[in-house]
Amino acid sequence: MIFEVFRRERKGQPFQHAGSIDAPDEHFADVYAREQYGRRQESVALWLVPRNALHEIDDFPDEFDLKYRRVDGYSIKTRLREARDRAGTLESAAGEA
Amino acid sequence: MSDRSDLLLAIADDELFLGWRNSEWTGIAPFLEEDVAFSSIAQNEIGHARALYELAARELDTTADELAFDRDADEYRCAPLVQLRRLEWARTIARHWLYETADEIRLAILKASDDSEIAGIASKIDREEAYHRMHAEMWVERLLATGEGRARFNDAVDELWPYALGVLDDALRPELRERVEERLGRKLPDAEPVPRGRHETELRQLWEEMTMVRRSAPTGARW
């Protein structure tokens, strides 16, 4: 069985994925996880989760490239440059007129 | 040499030799996670040996390294149980479990010692040994769970039983027998203990290997 190991480095901090353990059962996983992720005082707590208990989602379609819906927003830099370029074109067109 | 340093050296030698023997599995243990765990246990045992040698060294006006590596093979006091080379998993686990069971009995006495240094070091060692006992018990449970595992493990225990008795003094042996019989759910044969001080042929072989690098360097070399 493969167990995913999450460890908490200090009290109050979130558990973060640390790696995994390949063990015949939960009892072995307990002993090996302590050995590999806790014995050097690098963790204050561990979570062991059988890999097959995890529900994984890895498909996130964004067919129309709707950047404004993304958590990091869309980059304003590109838009600004495009706007400036357009304005520049307008100015030179006005000068010519 | 006082009774105190004699006792410290006996336990330190046990831990050094067992640590060394367990480390022979590094790289070839049955599977990767076990390799990591068993190697770590081996390192712990050698760490315990160092702490005990340091305590003895202060009394004997020498150093831990000199005690660990500069004595002649005949001078080691480790129990024959830890001298044996048994690179077979059921025997390794049987030795590991029998030793940890005996060591727990011995540590309980030392933790209650009037000598605060001895009581202190015994408590520290015992806190790490708790992991080793957990690891040993996990394997005992696993081996006893199937017919083949049970047969191999029981054979190994029977073979090593006289050696296990030799780890402890006379007075503590009945308690070891009681604990082992209770866990296995069967009686063990009356056996003549293989006493501390007896040297198996494997002791000298291991000593040759263990001290080889140190002996190859001139006295006083710094590492």
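Every chain is numbered from 1, with letters handed out A, B, ... down the list of sequences.
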* Expected output: side-chain B/Glu33 to main-chain A/Ala23 donor-acceptor under 3.5 Å -> no
* Does CD belonging to B/Gln43 count more than 12 external heavy atoms closer than 6.0 Å? -> no
* To do: Evaluate side-chain contact (heavy atoms from CB on, under 4.5 Å) for B/Asn44 paired with A/Arg39, printing each intermediate quantity in order.
  => CA-CA 11 Å; B/Asn44 284 344; A/Arg39 290 290 308 282; 2.9 Å; yes
* Asked: Is it the side chain or the backbone of A/Tyr32 that comes within 4.5 Å of chain B heavy atoms, both, or neither?
  -> side chain
* **Point-to-point distance, once rounded to the nearest 0.5 Å, from CD of A/Glu35 to CD1 of B/Ile41** => 5.5 Å
* Verify the neighbour count for atom CD of B/Glu148: are there more than 12 heavy atoms of other residues, nucleotides or ligands below 6.0 Å? => no
* Does atom CZ of B/Arg50 have more than 12 heavy-atom neighbours from other groups under 6.0 Å away? -> no
* Asked: With a 4.5 angstrom heavy-atom cut-off, which part of B/Glu34 approaches chain A: side chain, backbone, both or neither?
  -> both
* Asked: If you count the non-hydrogen atoms of other residues, nucleotides and ligands that lie under 6.0 Å from CD in B/Glu178, is the total more than 12?
  -> no
* Asked: Around A/Gln13, counting heavy atoms of other residues, nucleotides and ligands shown, do more than 12 lie under 6.0 Å from its CD?
  -> yes
* Give a yes or no on whether A/Arg8 atom CZ has more than 12 heavy-atom contacts from other residues, nucleotides or ligands under 6.0 Å away. => yes
* Measure the spacing between NE2 of A/His27 and CD of B/Glu137 and express it to the nearest 0.5 Å. => 7.0 Å
* Does a side-chain heavy-atom distance below 4.5 Å link A/Asp25 with B/Arg142? -> yes
